[in-house]
There are 2 protein chains.
Amino acid sequence: MEITLPTFNSVFSIDCVIFGFEAGELKILLIERNQEPFKDWLALPGYIVEQDESIDDAAERILYELTGLRDLHMQQFHTFGEVNRHPQGRVITVAYYALIRINGQKDLRPITQYARKAFWHPVSELPKLAFDHSEIFETGFNKIRRRLNYQPIAFELLPEKFTLTQLQSLYEAVLNKKLDKRNFRKKMLSYGFLKELDEKQKGVSYRAAKLYKFDRRKYAKIFNNELNLDK
Amino acid sequence: MEITLPTFNSVFSIDCVIFGFEAGELKILLIERNQEPFKDWLALPGYIVEQDESIDDAAERILYELTGLRDLHMQQFHTFGEVNRHPQGRVITVAYYALIRINGQKDLRPITQYARKAFWHPVSELPKLAFDHSEIFETGFNKIRRRLNYQPIAFELLPEKFTLTQLQSLYEAVLNKKLDKRNFRKKMLSYGFLKELDEKQKGVSYRAAKLYKFDRRKYAKIFNNELNLDK
DNA sequence: AAGATACTGTGTAAAATTTACACCTTTAAA
DNA sequence: TTTAAAGGTGTAAATTTTACACAGTATCTT
């Protein structure tokens, strides 16, 4: 027996591709849907934009309601507007991405009924997702891969204090290729926006590595120069 | 006396930033509005998306209806979704850009009543535009500036056969800086996607320059390699 | 036809950046 | 004390980028 669903006219929605990094692996945040259509499917956190909120505000709210996560710096990356991308009506969706440190303690707890749960899933071996969410994910992944070179993407995924090896393995995960250790370090340090700390890694069963911090101010200076430098 | 305007609920619209290049100058396509709000103002060509068309299709149709131009390769670049960006209601607009050879003969003739006329305007000294169109333009200009380096943007703006000097002056117009002639030529030719023709420029009152053509196939090959090259 | 004008077309050396590559050191655990 | 595992480091070669100047040629003018 078929379930009858309401239909509606044009609505806007937001879908979120939230990247995290944990145990050397790049992950994204998925929800298990608790609502038709695609009930029980895995999907990107996403929902409908209200009349009186900007799309940027909507993105924050929706992510919070579906996953319990707040105050991420989200950025729009593409809008998907095929006619039949949603089975119940015309839905144009603006896709956002954000990058976040995965933090074991922070629990992911949907506030609304629309999601049964929210959880991290490695970007490799993603299952088929609801709607056109697999395509949305792919588009987003390509975007951040490109932006890695000129935006401080990596530092939002790592803990505040990190080792150069962690930084490198993040780059390797995003770019999907091996990098040379010595060249990577030389280059990163040459930028001058990494601050070496007087601290070392703890709890490892081998020689502990130095910890570094990302210096946002210096980064901004370099980045702005790049844009303004009319030579 | 104030004019009373209808209001409406959420609608999607498309706005187009169409770049052209003529007489060494970068230009964009504007319309003069013939409808409230912002009647008589200059604006980007833009209008509302229909229920049964994808946003990509809508972009093509709308541009055609407002300017008479067809078959451009348009690409989405950003979606603007502030609550009050349109005085009559909630309008979220997806902005597209395209690049086109300006061709004196081709006339710009609005098909609908909504635009009184369409015309090219230099990107320097743009007047204030309707709605948030000035911001949309700026965002689009920044996008193509960045994409100039990895997309065949320049070749869509030039005539099919062009000289290296024309190519250089286009780069200079987009990047807003002077480039070195010898280095520019060396670099462009080294890519290998320029095909030297057995023809020369005509109608100039000085030594005629060689003409070149853009080899789309070779470009694609190079571009794909860049993406796939997992070293 | 001689000269003026205006742009075409070309090479090289120095500097900067990128690449390839291997081994000793340090820490903790066994 | 030995072993396991990752940390940390330098150099030479190759490549790319930059800076820089002048003779050649087509057309127009007189």
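Computation of the quantities below employed the complete heavy-atom set of this structure, encompassing side-chain atoms and omitting hydrogens, waters and symmetry-equivalent molecules. Labels below follow one simple rule: chain letters A, B, ... track the order of the sequence lines, proteins then strands, and each chain is numbered from 1.
- By the 4.0 Å N-to-carboxylate-O rule, A:Glu60 lies too far from A:Arg70 to be salt-bridged with it.
- With no hydrogens or angles considered, a side-chain donor-acceptor pair links A:Thr165 and A:Arg185 at under 3.5 Å.
- Side-chain N/O atoms of B:Tyr47 and B:Asp15 include no donor and acceptor closer than 3.5 Å.
- Residue A:Lys210 contributes atom NZ, which lies 12 Å from atom P of C:dT26 at whole-angstrom precision.
- A salt bridge links A:Lys178 with A:Glu172: the closest approach of a Lys/Arg side-chain nitrogen to an acidic carboxylate oxygen falls below 4.0 angstrom.
- Put simply, A:Arg185 has a side-chain N or O that comes within less than 4.0 Å of OP1 or OP2 on D:dG8.
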What one-letter contact string describes nucleotides 21-30 of chain D from 5' to 3', where B marks a base within less than 4.0 Å of any protein heavy atom, S marks contact via sugar-phosphate atoms alone, and - marks no contact? B--BBBSS--

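- Evaluation of the side chain to side chain contact (heavy atoms under 4.5 Å, CB included) rule for B:Phe119 yields B:Leu30, B:Leu42, B:Lys117, B:His121 as partners, not counting sequence neighbours.
- We find that CG of B:Leu194 is positioned 13 Å from P of C:dG9, with the value rounded to whole Å.
- Applying the 4.0 Å criterion to OP1 and OP2 of D:dT17, one finds that B:Lys187 has a side-chain N or O inside that range.
- Remark: P of D:dT11 and CG of A:Asn183 are 14 Å apart, rounded to the nearest angstrom.
- In this structure, CD of A:Gln201 is placed 12 Å from P of C:dT27, rounded to the nearest angstrom.
- Rounded to an integer number of Å, the gap from CG of A:Leu179 to P of C:dT18 is 13 Å.
- Between the P atom of D:dT17 and the CE atom of B:Met188 lies a distance of 11 Å, rounded to the nearest Å.
- The separation between A:Tyr191 atom OH and C:dA16 atom C1' is 14 Å, rounded to whole Å.
- Applying the ring pair (Phe, Tyr, Trp, His ring centres under 6.0 Å) test to pairs two or more places apart or on separate chains, those with a residue in residues 159-182 of chain B are B:Phe155-B:Phe162, B:Tyr171-B:Phe184.
- With sequence neighbours left out, the side chain to side chain donor-acceptor pair (under 3.5 Å) criterion links B:Asp40 to B:Arg116.
- Pairs passing the salt bridge (charged side-chain N to carboxylate O under 4.0 Å, His left out) check and including a residue from residues 149-161 of chain B, sequence neighbours excluded, read B:Glu160-B:Lys213, B:Lys161-B:Glu199.
- For A:Arg85 and A:Asp132, the salt-bridge test passes: some basic side-chain N is under 4.0 Å from an acidic carboxylate O.
- Counting atom types as modelled, A:Lys186 pairs a side-chain N or O with a base atom of C:dT19 as donor and acceptor under 3.5 Å.
- The CZ atom of A:Phe184 sits 14 Å away from the P atom of C:dT18 (whole-angstrom rounding).
- Within residues 161-174 of chain A, no residue approaches DNA chain C, by heavy-atom distance under 4.0 Å.
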